[in-house]
Amino acid sequence: MSEEVPQTVFSARHDLSSGGRAIAFEPLEATGETPQRRSTGLAEFDRALGGGLVPGSAILMGGDPGIGKSTLLLQASALIARSGGDVVYISGEEAAGQVRLRAERLGLAGAPIRFAAATSVRDILTTLGQMAPPALLVIDSIQTMHSDQIEGAPGTVSQVRGCAFELIRFAKESGTALVLVGHVTKDGSIAGPRVLEHMVDVVMAFEGERSHQYRILRSLKNRFGPVDEIGVFAMAGQGLDEVANPSMLFLSGREEPLAGAAVFPAMEGTRPVLVEIQALIVRLQSGATPRRAVVGWDSGRLAMLLAVLEARCGLNFSSAEVYLNVAGGYRLADPAADLAVAAALVSALADRALPAASTWFGEVSLAGEVRPVAHGSIRLREAAKLGFRAAYAPPDSGPGVAGMRQHDVAMLPSLVDHIVGDA
Ligand code: TYD
Ligand code: MG
């Protein structure tokens with residue numbers, strides 16, 4: 001807890017309708033030239049940003065410790081610096097020696113980045129005020145910054161808010177693109193005041209399982225572009241590699257089908273990504289409370305789907321433990337995953353493999369209907385391209401695709417009959 005000392009006392013007695021300056025109104029139509037977006041040098045980063053860095057914008061990047069935020073930003077900084085942009089990289093977290101070691105390992109030590117290990121926002125802004133404003137300013141991380149105008153240790157609510165405010169003001173006034181790295185709390189939200197997310201123009205999350213290679217850069221808020229595009233990277237020995245064509249990454253690559261596994265053609269923005277969903281059902285002998293564990297999907301949604309399978313399809317999961325896993329450390333947010341999850345669960349329960357080379361998508365309602373979802377035809381085409389030959393999807397999901405048999409699934413019970421058959 002940190003105490004916040006009020007600085008000014010507002011009074012309702014004063015009437016605000018006089019005594020101010022008149023403000024000038026401006027047309028929305030562009031008058032001068034519109035500022036150009038600047039490429040980060042990483043196409044996947046640009047894609048997640050909606051087409052590159054907007055000058056004067058503030059970006060907040062959150063992510064678990066060790067996921068690769070500093071690595072990604074160092075790589076982007078080096079690429080921008082090499083293409084002639086002026087980049088200032090301030091690390092409050094690591095000493096110069098550590099960052100230099102990493103840059104050497106990444107083969108970026110020669111890039112003309114202006115690097116400093118500093119934590120005082122006054123020092124940083126004073127220094128920046130004495131030079132031409134850089135194209136990009138990276139602050140790693142906002143929780144380590146400190147303002148001598150505000151009481152409290154770095155990382156406290158008022159410090160984080162105050163430092164971010166000053167840095168964002170500098171960005172807006174100078175046209176510098178600003179990236180603030182933000183720590184995340186245990187539940188995955190960015191640590192510090194929620195108001196930080198309101199103050200910045202773009203909020204990005206860098207996610208993935210640390211034990212897996214793949215990392216996904218997602219924008220959660222973007223004042224200058226769509227929020228549904230992702231950037232996909234792979235953490236390798238020499239930093240992050242871009243993955244331009246991620247549609248195959250999250251498949252197991254196994255030939256013969258196994259019980260409890262279903263392939264789902266997910267959509268990430270405009271790109272399809274095929275992912276394998278795995279379910280395991282373990283019958284309990286004793287009366288212990290059965291566990292439900294989910295990795296990569298929403299546990300509330302799993303509970304809902306189990307309830308629909310029980311209430312509408314007559315299946316019984318009540319005395320069984322249910323485990324659900326999305327392969328490859330991928331996190332699914334697409335509601336169209338419902339049907340694939342249901343198929344994996346039913347297949348695991350019946351201990352019957354799903355038809356070979358089949359994919360599943362559709363949203364399931366509480367009544368057990370399977371509802372159409374967006375981008376049906378893109379999903380079908382991508383699945384066909386990767387060698388899948390059957391698609392189970394709601395009716396009217398898209399025109400036929402050569403080599404792909406489409407099975408219309410309108411209601412969940414008919415799907416259960418189809419999978420379980422006479423078992
Ligand atoms: P880092 O960028 O320091 O993470 P963050 O800033 O989000 O905390 O990434 C650190 C992890 O990345 C570290 O655990 C090791 C891994 N890594 C590699 O696998 N290869 C590399 O070339 C680098 C630089 C890091
Ligand atoms: Mg870091």
Side-chain angles (χ1 to χ4, degrees), residues 247-248 250-252 254-267 272-281 296-297 301-302 304-306 308-310 312-315 317 324-327 330 332 334-423:
S247 59
M248 288 284 285
F250 302 98
L251 291 179
S252 61
R254 126 172 51 74
E255 285 291 314
E256 71 287 4
L258 285 182
V263 173
F264 166 54
M267 286 300 292
V273 180
L274 275 84
V275 283
E276 184 178 280
I277 296 175
Q278 303 157 353
L280 176 66
I281 312 272
W297 206 49
R301 194 114 195 133
L302 174 66
M304 189 206 89
L305 209 54
L306 288 172
V308 173
L309 285 169
E310 295 216 353
R312 307 290 175 193
C313 309
L315 301 177
F317 292 94
L324 193 78
N325 179 42
V326 179
Y330 191 83
L332 276 179
D334 187 343
D338 290 355
L339 194 67
V341 174
L345 289 170
V346 174
S347 156
L349 188 71
D351 199 17
R352 282 214 157 180
L354 296 173
S358 59
T359 59
W360 310 73
F361 65 89
E363 187 177 343
V364 173
S365 76
L366 285 181
E369 307 151 292
V370 183
R371 295 237 203 80
V373 292
H375 309 301
S377 51
I378 303 181
R379 297 176 203 262
L380 290 170
R381 261 184 281 131
E382 188 70 14
K385 203 169 94 192
L386 296 178
F388 288 87
R389 285 182 298 282
Y392 294 77
D396 304 320
S397 284
V401 177
M404 172 73 87
R405 263 191 69 187
Q406 262 171 264
H407 301 263
D408 288 350
V409 186
M411 295 295 293
L412 207 49
S414 68
L415 173 92
V416 173
D417 288 342
H418 186 88
I419 298 172
V420 178
D422 48 6

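For reference, positions follow the sequence shown, starting with 1. What you see is a predicted model, and the numbers here were worked out from it, not measured in a lab.
- In this structure, the side chains of W297 and L305 come closer than 4.5 Å at one or more pairs of heavy atoms.
- When the ring pair (Phe, Tyr, Trp, His ring centres under 6.0 Å) test is applied to Y330, the partners found at least two apart in sequence or on another chain are F250.
- Nearest heavy atoms, Q406 versus V401: OE1-N, 4.1 Å.
- Across A340 and A262, no two heavy atoms sit closer than the pair O-CB, 3.4 Å.
- No donor-acceptor pair under 3.5 Å is formed between the side chain of E382 and the backbone N or O of V273.
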* Asked: How far apart are the C-alpha atoms of L415 and V370, what are their side-chain angles, what is the distance that settles it, and do they pass the side chain to side chain contact (heavy atoms under 4.5 Å, CB included) test?
  -> CA-CA 10 Å; L415 173 92; V370 183; over 6 Å; no

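- With R389 contributing its side chain and A357 its backbone, the two residues share no donor-acceptor pair below 3.5 Å.
- Counting heavy atoms from C-beta on, the side chains of F264 and F361 come closer than 4.5 Å.
- Using bins of under 30°, 30° to 60° and over 60° for the plane-to-plane angle, the ring pair Y392/H407 lands in the parallel bin.
- The number of heavy-atom neighbours closer than 6.0 Å to CG of D351, taken from other residues, nucleotides and ligands shown, is 12 or below.
- Under a 3.5 Å cut-off, the side chain of R379 and the backbone N or O of A374 do form a donor-acceptor pair.
- D396 places none of its side-chain heavy atoms less than 4.5 Å from the side chain of P372.
- Listed by first and then second residue, the side chain to side chain donor-acceptor pair (under 3.5 Å) pairs involving residues 336-348 are R301-D338 (not counting sequence neighbours).
- Residues in residues 368-390 take part in no ring pair (Phe, Tyr, Trp, His ring centres under 6.0 Å) pair, two or more places apart or across chains.
- Residues L386 and L274 meet the side-chain proximity criterion, which asks for heavy atoms closer than 4.5 Å.
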* Asked: Could you walk me through whether L345 and L302 pass the side chain to side chain contact (heavy atoms under 4.5 Å, CB included) check?
  -> CA-CA 10 Å; L345 289 170; L302 174 66; 3.9 Å; yes

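- I277 places none of its side-chain heavy atoms less than 4.5 Å from the side chain of W360.
- From C313, atom SG reaches atom CG of L349 across 11.0 Å, with rounding to the nearest 0.5 Å.
- The backbone N or O of A266 lies less than 3.5 Å from no partner atom in the side chain of D334, so there is not a single donor-acceptor pair.
- P355 has its side chain out of reach of P257: every pair of non-hydrogen atoms, C-beta onward, lies at least 4.5 Å apart.
- L412 places a side-chain heavy atom less than 4.5 Å from the side chain of L339.
- A side-chain donor-acceptor contact under 3.5 Å links R352 to the backbone of V420.
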